[in-house]
Trainee: 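Just dropping this structure here.
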Amino acid sequence: SEMCIRDRYLPYKPRRRTKGQIAIEAGLEPLADALFNNPDTDAESEAQKYVNAENSIADTKLALEGARYILMERFAEDASLLAKVRHYLIENAHVKSTVAPGKEQEAAKYKDYFEHSEKYKTVPSHRALAMFRGRNEGMLHIQLDADPQSEEKGPSHCEHIIASHYDIMHRGRGADDFLAQVVQWTWKIKIGLHMETELFSALRERAEEEAIEVFAKNLNDLLMAAPAGAKTTMGLDPGLRTGVKVAVVDSTGKVVATNTIFPHAPQNQWDKSMRTLTTLCKQYKVDLISIGNGTGSRETDKLVGEMLKNNSELTAQKIMVSEAGASVYSASELASKELPELDVSIRGAVSIARRLQDPLAELVKIEPKAIGVGQYQHDVSQSQLGQSLISVVEDCVNSVGVDLNMASVPLLTRVSGLNKTLAQNIVNYRDANGTFTKRSELKKVERLGPKAFEQAAGFLRINNGSDPLDNSSVHPEAYPVVKRICERNSVDVSNLIGNSDFLTKLAANDYTDEKFGLPTVTDIITELDKPG
């Protein structure tokens, strides 16, 4: 519909003086009308009447050319004709890509697209983005093929559409040759190019939207990966020449040991590296070994496998994790605040260890775009991608909830209703006053007003606080509903949480009032059954 609106506006669009306008100013519009309205007219003798030196129309050839441009521009601005051509192209056209002449060597990574043609309507986003990238780099030519079915190079089907729209047919009359040429030129010079630009721009938009959806899903899967939990973890950031960086973090994520080993070429200190890892695993009772999946990860995985096989008393499990964004984190201001005494290269290993313990809590420290969620993420609109990924992070954080006493500033920042300042103020309050024992204490945090409290409280959890409900997603405003359930059934809150037998028998209807309707009460009962 947006395209149709643009079509209707075309005749009124301010533009440079075109050949058609110049011809109208030279007085050739009556010639164009005469030939169009009455094809019996003899084009040559009619044009003779318009030859006129002072208007720079030196001969009949120039007069007919001017008339042709007048009609071409008129046809190319006819919204109902454009709609027909567009519909035909969207249904039938192919996108065709060929290698730019002489670029065969340079463009090797695009070899799948050297001679490629597929239906416009169904090009998947990754192939569309690859072709556009190849074109931008000057490696590929891409065009819209309006007639993929036809073998011989006859007139395009789009020319037939234009001709039949104006009932132009060759019957051997005086203006038929002239009109046939108008149709052909209208397609080749005007409508064909206009449609190719428009449809490619729509294809790019569609491809970007699809790609951004895929990136969002990939990010969601990474963030929502099951946390391994509070276990002592060794993080290994593999490297070949520069060595493998090692960091051991305890169950709370605090760094307790770091090292660098050189098991691979050129140093090849395989046995020495294995001894170092074995000593660390025994000394710190390591439960999990998290190996980054970058360069050298297969060789490093083999080293750890051999170490575990040779030391049957070690119970550690090895797991490969995505190391995307670890180097971005290492160099960030946040990492230098969190790990000021550590070398930048070791910080990556710390991040790799922590992201196994709790992927969400660690990955929120990195700008979402840097987590690397797809191969064409730099080809799409960066602002749209950024918005989309930030909302994925917020959805994930809010659906899981955040431990109020352990969460870092970046994690708290992603909670609904909080921003960077409030998150920092919460951490400052915690540092000054110790752990929060109940949610209502949040109201004492500087600048955290009733509005922010209302939005954020349900997402912030307190383990082992004074009220067991503070460790659930039940919002403090809804505590009266729970209190009502407890009173009517003479049961204590702590015996209510997780008590499936009792909760499944409750009728939500019995506990609604004008403030809390059925959906809310149903949600509260579900949350009490499986808190968090």
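Values below: every heavy atom of this structure, side chains too, minus hydrogens, waters and symmetry copies. This chain uses plain numbering: 1 for the first residue, then up along the sequence.
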Trainee: Could you pull out the closest heavy-atom pair between G235 and I352, with the gap in Å?
Mentor: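 Looking at all heavy atoms of both residues, the shortest contact is CA-CG2, 4.5 Å.
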Trainee: If you count the non-hydrogen atoms of other residues, nucleotides and ligands that lie under 6.0 Å from NZ in K369, is the total more than 12?
Mentor: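 Yes, enclosed.
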Trainee: Quick one: pull up CG in L219 and OG in S388 and give me the separation to the nearest 0.5 Å.
Mentor: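 OG of S388 is found 8.5 Å from CG of L219.
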Trainee: Are side-chain N/O atoms of Q21 and T18 paired as donor and acceptor at under 3.5 Å?
Mentor: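 Checked: Q21/T18 side chains pair up, N/O donor to acceptor below 3.5 Å.
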Trainee: Is the backbone of V392 close enough, under 3.5 Å, to the side chain of E394 for a donor and an acceptor to pair up by distance?
Mentor: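 No; zero donor-acceptor contacts below 3.5 Å.
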Trainee: If you look at every heavy atom in G292 and P238, which pair is closest and at what distance?
Mentor: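 Answer, listing the atom of G292 first, then P238: O-CG, 3.2 Å.
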Trainee: Do the rings of Y88 and H157 sit parallel, tilted or perpendicular, given the 30° and 60° boundaries?
Mentor: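 Taking H157 first and then Y88, their aromatic rings sit tilted (interplane angle of 30° to 60°).
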Trainee: Could you state the interatomic distance from CZ (F215) to CD (E210), rounded to the nearest 0.5 Å?
Mentor: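 F215 atom CZ to E210 atom CD measures 11.0 Å (nearest 0.5 Å).
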Trainee: What side-chain donor-acceptor pairs closer than 3.5 Å can you find for residues 263-271, not counting sequence neighbours?
Mentor:
from	atom 1	to	atom 2	distance (Å)
H264	NE2	T300	OG1	3.1
Q267	NE2	R241	O	3.2
N268	OD1	A265	N	3.1
W270	NE1	E306	OE2	3.1

Trainee: So, taking the atom named CZ in R127 and the one named CG in L203, what distance separates them when rounded to the nearest 0.5 Å?
Mentor: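 Nearest 0.5 Å value for the CZ-CG distance: 11.5 Å.
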Trainee: Check whether E323 reaches the backbone of G294 with its side chain - one donor and one acceptor, N or O, closer than 3.5 Å.
Mentor: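 Looks like yes, one N/O pair under 3.5 Å.
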Trainee: Where do K365 and R354 come nearest, in terms of heavy atoms and distance?
Mentor: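 That closest heavy-atom pairing would be NZ-NH1, 3.4 Å.
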Trainee: Could you check whether any side-chain N or O of K61 sits under 3.5 Å from a backbone N or O of A58, counting only pairs where one atom can act as donor and the other as acceptor?
Mentor: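 Absent.
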Trainee: Between D7 and R86, does any NZ, NE, NH1 or NH2 come within less than 4.0 Å of an OD or OE carboxylate oxygen?
Mentor: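 Result for this pair is yes, salt bridge flagged.
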Trainee: V380 and A211: which non-hydrogen atoms are nearest, and at how many Å?
Mentor: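 Looking at all heavy atoms of both residues, the shortest contact is CG1-CB, 4.1 Å.
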Trainee: Mind checking the CZ-OG spacing from R347 to S330? Nearest 0.5 Å is all I need.
Mentor: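 Those atoms lie 7.5 Å apart.
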Trainee: Would you please say whether a donor-acceptor pair under 3.5 Å links the side chains of H94 and D147?
Mentor: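 Their side chains do not contain a donor-acceptor pair, so the 3.5 Å distance test is not met.
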Trainee: May I ask you to establish whether R206 and Y120 are in a cation-pi arrangement, using a distance under 6.0 Å from NZ or CZ to the six-membered ring centre and at most 45° from the ring axis?
Mentor: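 Yes.
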Trainee: Please answer whether the main-chain N or O of Y113 pairs with a side-chain N or O of S97 as donor and acceptor at a distance below 3.5 Å.
Mentor: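 Checking the backbone N and O of Y113 against the side chain of S97, a donor-acceptor pair under 3.5 Å is found.
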Trainee: Under 3.5 Å, is there a donor on one side chain and an acceptor on the other for H165 and K84?
Mentor: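 Short answer, yes.
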Trainee: Do we see a donor-acceptor contact under 3.5 Å between the side chains of Y329 and E338?
Mentor: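 Looking only at side-chain atoms, E338 and Y329 do form a donor-acceptor pair, the distance falling under 3.5 Å.
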Trainee: Mind checking the CE-CZ spacing from M320 to R298? Nearest 0.5 Å is all I need.
Mentor: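 Going from CE on M320 over to CZ on R298, the span is 8.5 Å.
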Trainee: Can a donor-acceptor pair be found, under 3.5 Å and without considering hydrogens, that links the side chain of E73 to the backbone of G20?
Mentor: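 Checking the backbone N and O of G20 against the side chain of E73, a donor-acceptor pair under 3.5 Å is found.
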Trainee: List the steps and the verdict of side chain to side chain contact (heavy atoms under 4.5 Å, CB included) for V255 and V248.
Mentor: CA-CA 6 Å; V255 182; V248 179; over 6 Å; no
Trainee: Output all residues satisfying salt bridge (Lys or Arg N to Asp or Glu O under 4.0 Å) with K121, sequence neighbours left out; order by chain, then residue number.
Mentor: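 So K121 forms a salt bridge (Lys or Arg N to Asp or Glu O under 4.0 Å) with E91.
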Trainee: Run through E137, H116, R135 and flag the one making a side chain to side chain donor-acceptor pair (under 3.5 Å) with Y110.
Mentor: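 Going through the options one by one, the only one that passes is E137.
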Trainee: Applying side chain to side chain contact (heavy atoms under 4.5 Å, CB included) between K245 and each of L236, D237, N259, I261, report the one that passes.
Mentor: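 Filter result, single survivor: D237.
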Trainee: Only pairs under 3.5 Å count here: list side-chain donor-acceptor contacts from residues 409-426, not counting sequence neighbours, and write none if there are none.
Mentor:
from	atom 1	to	atom 2	distance (Å)
T413	OG1	V409	O	2.6
N419	OD1	T421	N	3.2
N419	OD1	L422	N	2.8
Q424	NE2	N428	OD1	3.0
N425	ND2	E446	O	3.0

Trainee: Would you find more than 12 non-hydrogen atoms of other residues, nucleotides or ligands less than 6.0 Å from H170 atom NE2?
Mentor: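 Result for NE2/H170: enclosed.
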Trainee: Heavy-atom count check: over 12 atoms from other residues, nucleotides or ligands less than 6.0 Å from E341 CD?
Mentor: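 Yes - once you tally the heavy atoms of other residues, nucleotides and ligands closer than 6.0 Å, there are more than 12.
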Trainee: Nearest 0.5 Å, what's the NE2-CD1 distance between H160 and I168?
Mentor: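 So the NE2 of H160 and the CD1 of I168 are separated by 13.0 Å.
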Trainee: Does the pair E213/K217 count as a salt bridge with the N-to-O cut at 4.0 Å?
Mentor: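 Salt bridge between E213 and K217, a charged N being under 4.0 Å from a carboxylate O: no.
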Trainee: If the test is side chain to side chain contact (heavy atoms under 4.5 Å, CB included), which one of V364, N398, N220, L363 qualifies with V393?
Mentor: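 Answer after filtering V364, N398, N220, L363: V364.
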Trainee: Between R74 and D33, does at least one N-O distance fall below 4.0 Å, as a salt bridge requires?
Mentor: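 So R74 pairs with D33 through a salt bridge.
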Trainee: Would you confirm whether E159, through its side chain, and V183, through its main-chain N or O, come within 3.5 Å as a donor-acceptor pair?
Mentor: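 Flag not set: sc E159 to bb V183 has no pair under 3.5 Å.
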Trainee: Does R17 pair with E25 as a salt bridge, N-O distance under 4.0 Å?
Mentor: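 Yes, R17 and E25 are salt-bridged.
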Trainee: With a 6.0 Å cut-off (strictly less than), is the heavy-atom count around CE of M406, excluding the residue itself, greater than 12?
Mentor: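 Check fails, neighbour count at 12 or below.
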Trainee: Do you know the tightest heavy-atom contact between V99 and A107?
Mentor: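 Nearest heavy atoms, V99 then A107: CG2-CB, 4.3 Å.
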Trainee: Checking ring-ring contact (aromatic ring centres under 6.0 Å, His included) for the pair F75/F36: CA distance, chi angles, key distance, verdict?
Mentor: CA-CA 11 Å; F75 290 4; F36 177 66; 5.8 Å; yes
Trainee: Can any side-chain N or O of S381 pair as donor or acceptor with the backbone N or O of Q384 at less than 3.5 Å?
Mentor: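 Flag set: sc S381 to bb Q384 pair under 3.5 Å.
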Trainee: Hey, are the side chains of H141 and P101 touching, using non-hydrogen atoms and a 4.5 Å cut-off?
Mentor: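 Counting from C-beta outward, H141 and P101 do come under 4.5 Å.
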Trainee: Testing the 3.5 Å rule here: is there a donor-acceptor pair between the side chains of T232 and D250?
Mentor: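 On atom types as modelled, these side chains do not qualify, holding no pair under 3.5 Å.
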Trainee: I'd like to know if the side chain of T242 reaches the main chain of G239, judged simply by a donor and an acceptor atom lying under 3.5 Å from each other, with no hydrogens or angles considered.
Mentor: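 Judged by distance alone, no pair lies under 3.5 Å.
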Trainee: If you apply the rule side chain to side chain contact (heavy atoms under 4.5 Å, CB included), what do you find for K103 with L140, and how did you get there?
Mentor: CA-CA 8 Å; K103 297 280 187 184; L140 299 177; over 6 Å; no
Trainee: Considering all heavy atoms of both residues, which atom of I291 and which atom of S297 are nearest to each other, and what is their separation?
Mentor: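 Looks like CG2-O, 4.3 Å.
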Trainee: Just wondering, do I319 and S290 contact through their side chains at under 4.5 Å, heavy atoms?
Mentor: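 Side-chain contact under 4.5 Å: no.
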